[in-house]
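What follows is a short report on a single structure.
When reading the values below, keep in mind they use all heavy atoms of this one structure, side chains included, and skip hydrogens, waters and symmetry mates. The structure displayed is predicted, hence computed values, not measured ones. Each chain gets a letter, A, B and so on, in the order the sequences are listed, and its residues count up from 1.
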There are 2 protein chains.
Amino acid sequence: MTETTDAKVLSHPLTLTPTQKRFILHWGEMGSKWGVNRTVAQIHALLMVSKDPLNAEQITDTLAVARSNVSTSIRELQGWGIVEVIHRLGDRRDYFHTMQDVWQMFRIVAAKRKQREIDPTADLLRELVETPDLKETDPYTHQRLNNLLTFIQTMTRWYQQVERLSPKAISNMAKLGAKLGSMFERRTTKR
Amino acid sequence: MTETTDAKVLSHPLTLTPTQKRFILHWGEMGSKWGVNRTVAQIHALLMVSKDPLNAEQITDTLAVARSNVSTSIRELQGWGIVEVIHRLGDRRDYFHTMQDVWQMFRIVAAKRKQREIDPTADLLRELVETPDLKETDPYTHQRLNNLLTFIQTMTRWYQQVERLSPKAISNMAKLGAKLGSMFERRTTKR
DNA sequence: CATATATTTCAGTTTGTTCAGAAATTAATG
DNA sequence: CATTAATTTCTGAACAAACTGAAATATATG
């Protein structure tokens, strides 16, 4: 019950520029649209614009959320594999930072989302399409499910090719996209 | 208060095969992972495996959800542009059906999601990156935001190319992906 | 090993979402 | 234009998720 307890509350508040604030708030709002909770997204944004790694207390003070909330949120970001811990000599606290490479980050998140949001459906569809006699007894449903499965498999295969490319390669593909597109389009119409 | 009121409750229940049931239930569960509510996803699944268009009452009875819930959910599906109304001579009820072409459905949904989940961020980033003096006063943040923006723009441009392709063209790209990928990879390392 | 510091877990509260049923609205029919 | 059928909107209850503050646990240091 000493007066020092209060002094600790805002021991390491970070000063954010207006630009940084707007980015963090926006990223937090978009989080909900992406299925990520606001605090998690805000912390991620903060780490993205922060030059140096931050400890949990700094994050707490800067974003004005509960310490426990920061703990849980960081855990989730680590679960996604986009936030890492750093330690400093003479400091026992955990310092967090996020990867610099946006393409790398995208790849990691895309892989996780595919695993959670696509793979289970692909598995079930495979099973259902192979249901004995389905093709005969209910050809319509069989056809519909099979179309869906084929589509998912095609997209998956295609994603796996793209996933391996370097950022530079992706950028080049985007630039050459128009040509490529028409190339493939022609190739198929010929058939 | 006549006895006819009760008879109406289950007037047009649809008979679903076990396969159809499993698909509908699974699609409903996955819905939450995709940010779509369960009933909306279930109705969508039901329409996908239903050969004929269904009216609201049939959907209500088959899925055992409230009539009002069906109304709201169908509205949302129409909002996504993947469910349409059909009318029949001598029947004033609305009949609903979903498009057959999976690739077409994907395109529509992808476009909507891009619009909701990507475009606002791209807009903000463009604005922030152009903040006067940011490059000088806070080069680190500027760099980070700019990287993000560039990435989003690249992916967007690339998506726009792909979006125009036919299903067949996509499938071909997936098959040729490996070759293409290494082609681009080589091209960039040379630079 | 006692103390200080850092982190995680937990219970309770707040906030947001889903859903069924009632009420209101819209459209059709004689 | 009154009646019936079809559909949408509104409302409150049940449920689920996010968040906080406090307590419990873990870790370092003299």
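For the pair A:E76 CD and C:dT9 P, the computed distance is 14 Å after rounding to whole Å. In this entry the distance linking CZ of B:F96 with P of D:dT8 reads 6 Å, nearest Å. If you take NE2 of B:H87 and C1' of D:dA5, they are 14 Å apart, rounded to a whole angstrom. The CZ-C1' distance, from A:R67 to C:dC10, rounds to 15 Å in whole Å. Following rounding to the nearest Å, A:L89 (CG) and D:dA28 (P) show an atom-to-atom distance of 13 Å. Atom CD in B:Q78 sits about 11 Å away from atom P in D:dT7, given to the nearest Å. Spacing between atom CD of A:Q58 and atom C1' of C:dA6 amounts to 14 Å, rounded to whole angstrom units. Atom CG in A:N55 sits about 7 Å away from atom P in C:dT7, given to the nearest Å.
A:E117 meets the salt bridge (Lys or Arg N to Asp or Glu O under 4.0 Å) test with A:R113; sequence neighbours excluded. The salt bridge (Lys or Arg N to Asp or Glu O under 4.0 Å) check on B:D119 picks up B:K114, with sequence neighbours excluded. The salt bridge (Lys or Arg N to Asp or Glu O under 4.0 Å) search around A:R22 returns B:E127, not counting sequence neighbours.
Each of B:S71 and A:N69 was assigned the nucleotide of DNA chain D with the nearest heavy atom; the assignment lying further toward the 5' end belongs to B:S71. Nearest-nucleotide mapping onto DNA chain C: of A:T72 and A:D91, the residue sitting toward the 5' end is A:D91.
Clustering of Ile, Leu, Val, Met, Phe, Trp and Tyr by side-chain heavy atoms under 4.5 Å joins A:Y95 with A:I86.
When each of C:dT9, D:dT20, C:dT7 is scored by its nearest atom to the side-chain atoms of A:V65, the top-ranked nucleotide is D:dT20.
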Requested in this report: Kindly determine whether B:T19 and A:D138 satisfy side chain to side chain contact (heavy atoms under 4.5 Å, CB included), including the steps that lead there.
Outcome: CA-CA 10 Å; B:T19 298; A:D138 189 355; over 6 Å; no

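Between the side chain of B:Q161 and the main chain of B:W158, no donor-acceptor pair closer than 3.5 Å is present.
The side chain to side chain contact (heavy atoms under 4.5 Å, CB included) with A:V102 is formed by just one residue from the set B:T150, B:L148, B:T154; it is B:L148.
In terms of phosphate contacts, A:R93 brings no side-chain nitrogen or oxygen within less than 4.0 Å of OP1 or OP2 of C:dT7.
Near-neighbour residues of DNA chain D inside residues 34-54 of chain A, defined by a heavy atom below 4.0 Å, number-ordered: A:N37, A:R38, A:T39.
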Requested in this report: Would you mind building the protein contact string for nucleotides 22-30 of chain C? One character per nucleotide, 5' to 3', B for base within reach (heavy atoms under 4.0 Å), S for sugar-phosphate only, - for untouched.
Outcome: B-----S--

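The aromatic rings of B:W103 and A:F151 lie tilted to each other, with the angle between the two planes from 30° to 60°.
Contact between A:T39 and A:S73 at its shortest, heavy atoms only, is CG2-OG, 3.6 Å.
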